[in-house]
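The analysis underlying the following values was restricted to heavy atoms, covering all of them including side chains, and did not include hydrogens, waters or symmetry mates. Indexing begins at 1, ligand by ligand and atom by atom, following the structure's order.
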Amino acid sequence: MGLNSRTPSVVLIGFMATGKSSVGAALALECRFIDTDVLVEDAEKMSIHDIFLQKGEKAFREFERREVSKLRALVGNDRCVIATGGGTVIDSGNMEKLKMLGQVVCLQATLDAILARSKSVSNVTRPLLSATEDERVAIENLLENRKVYYEDADFCVDTSDHKTEEVVSMIVRQLNCPGKFSEAVSLTRL
Ligand code: S3P
């Protein structure tokens with residue numbers, strides 16, 4: 001397979017706290033799991049929180065773009081699961097590159113579910129939420145602005161009221177190559 005053809009990977013896109021990392025790791029039990037936020041942190045030797053704080057969002061987006069550009073070579077001909085950051089897809093060049101990697105699945109959740117999950121964790125990787133006065137309004141605005149980008153996925157799955165393994169099953173059922181991704185996942189909640 002040449003570097004210009006689509007690999008058999010699965011790419012998870014979607015808003016913050018929709019479960020991309022936990023679902024991605026569970027879906028990837030038998031293959032490689034790549035998280036673009038982790039790639040940025042490793043490359044910069046700095047947490048997302050510190051990148052936003054010290055270098056700003058614009059710099060973070062540049063780092064993110066650079067790591068997305070490297071994905072095709074990183075993946076090679078392997079089957080991988082790739083989780084992206086919530087804002088990765090607002091760059092049309094990123095989305096084009098992600099589509100080259102395989103099927104793009106958007107994880108969705110209701111505003112209330114996102115808010116509840118976001119409040120239950122430290123949000124240290126989500127400066128766009130932790131730095132706001134009114135998290136509900138911030139989520140609402142970002143969701144509205146990004147809706148159009150998320151809808152560009154091959155298909156969407158709502159994770160609001162589902163456990164990780166249920167979401168994995170829903171994804172596997174809709175994939176072109178369902179047998180190739182694991183359904184044997186833990187019972188952890190998102
Ligand atoms: C962001 C989402 C975060 C992280 C960064 C920016 C966004 O990733 O990339 O804080 O713009 O929505 P998660 O979606 O994994 O939280």
Report task. Test Asn94 against Val89 for side-chain contact (heavy atoms from CB on, under 4.5 Å), laying out the working first. Result -> CA-CA 6 Å; Asn94 283 350; Val89 295; over 6 Å; no
Requested in this report: Specify the closest pair of heavy atoms between Ile82 and Leu101, including all atoms of both residues, with the distance to one decimal.
Outcome: CD1-CD1, 3.8 Å
Requested in this report: Distance to 0.1 Å, residue and atom name: give those for the protein heavy atom nearest to atom 15 (O) of ligand 1.
Outcome: Asp37 OD2, 3.2 Å
Query raised in the report: Excluding sequence neighbours, so at least two apart, what forms ring-ring contact (aromatic ring centres under 6.0 Å, His included) with Phe63?
Result: none
**Report entry** Cluster link Ile90 to Leu98, ILVMFWY, side chain under 4.5 Å
**Finding:** yes
Query raised in the report: Any idea which of Arg126, Arg61, Arg146 brings a heavy atom closest to atom 12 (O) of ligand 1?
Result: Arg146
Report summary line: The protein heavy atom nearest to atom 10 (O) of ligand 1 is Thr125 O, 2.6 Å
**Report entry** Per-residue contact class, Thr88 against ligand 1 - non-hydrogen pairs under 4.0 Å
**Finding:** neither
Query raised in the report: Checking side-chain hydrogen bond (donor to acceptor under 3.5 Å, both in side chains) against Thr88, which of Arg65, Glu64, Arg61 comes through?
Result: Glu64
Query raised in the report: Between Gly85 and ligand 1, is there a nitrogen or oxygen pair with a distance under 3.5 Å?
Result: no
Report summary line: ligand 1 to Pro127, heavy atom cutoff 4.0 Å, flagged ligand atoms 10 (O)
Query raised in the report: What atoms in ligand 1 come closer than 4.0 Å to a heavy atom of Leu128?
Result: 7 (C), 11 (O)
